[in-house]
K.L.:
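Attaching a single structure in structure tokens format; questions to follow.
Both ligands and their constituent atoms are indexed starting at 1 by order of listing.
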Amino acid sequence: MQVTGKVKIPNGKRVAVNIGCDFDAASVWMGSIKRSSPVYLSRGEFGAEVGAPRLLKLFDKYQIKTTWFIPGHTVDTHTDVCKEVFARGHEIGHHGYVHEDITNLSYEEEVKILEMGLESLAKIGIKPSGYRSPAWDYSPNTLSILEKYGFRYDSSLMGNDIYPYRPRPVLEVNMDKANVFGPPSSIVEFPVSWFLDDFPTQEFVLGFLEGMRSTQEVFERWKAIFDYACDQEDGACFILTLHPQTSGRAHMLPMLERLIQHMSEKGAWFATLDEIRNAYYEEN
Ligand SMILES: [Zn+2]
């Protein structure tokens, strides 16, 4: 059984809300999508130079603290923007070095990438509390590596949608009998979802992804999930994943602002994932 927790919501609020910004810049094109030509790099540049400042301005307007998961490559390439994110009071988490898919890496290769990301973050004074896998996938070793390096939470798995939980290591995957899991980790999982990610519905990547969907459609889906979490009133979460190069665009920002206004009116507690981790508890 999954060990599921809840969040102690401050008085007067109804649901915990984390807006996450996966600040991939060029690294998602180079690492995950394997396209390093000038046009793809310029889409990353848009995220850093245009999208990120617009999102920071919007969050300032509503005095919202968010969590930015930043690959080491983005820290090293757009250092001043990353410093600005931190200076404005947002949390910064680990997001790989150059947006690697770690699924099939050896233990040593995975540790090396984790350390490269930590070194880049340390250069701007960050020791991250949380980790989000760049490709939203794990290797069999990821959970134990995160435990070893002292992470307090992860936000990459999909075993729940509105409640945090403690993930179990996968010890055996069997096609002819039950899979075998280890005991629940000390790490708290804040689950992600492709339904709560701006990238799949918006980005157009020739031969790979045909986003281009209406922002109204996205708004309705995000609002429906938020409203469901809010109506539980028992310590649920709404974990949203944005990308500065996607949600920092002219057509996305008004929709995002409308969503923030709706969530505020209904009693959202906007917090960083580290703050929500501090408020995590289990009933038994
Ligand atoms: Zn990413």
K.L.:
Under a 3.5 Å threshold, yes or no: a donor from one side chain and an acceptor from the other, between Glu110 and Ser139?
P.N.:
yes
K.L.:
Listing by chain and number, what protein N/O/S atoms are under 2.8 Å from the Zn ion (ligand 1)?
P.N.:
Asp24 OD1, Asp24 OD2, His95 NE2, His99 NE2
K.L.:
Partners of Trp222 by ring-ring contact (aromatic ring centres under 6.0 Å, His included), sequence neighbours excluded?
P.N.:
none
K.L.:
Could you go through the side chain to side chain donor-acceptor pair (under 3.5 Å) check for Ser120 and Asp76 one step at a time?
P.N.:
CA-CA 7 Å; Ser120 295; Asp76 292 345; 3.1 Å; yes
K.L.:
Are a donor atom and an acceptor atom from the side chains of Glu147 and Ser186 found within less than 3.5 Å of each other?
P.N.:
no
K.L.:
I'd like to know whether Asp231 forms a salt bridge (charged side-chain N to carboxylate O under 4.0 Å, His left out) with Lys266, so could you lay out the CA-CA distance, the side-chain angles of the two residues, the decisive distance to 0.1 Å, and finally the verdict.
P.N.:
CA-CA 9 Å; Asp231 290 346; Lys266 283 198 75 170; 3.7 Å; yes
K.L.:
Have Gln232 and Asp234 got a donor and an acceptor in their side chains that come within less than 3.5 Å?
P.N.:
no
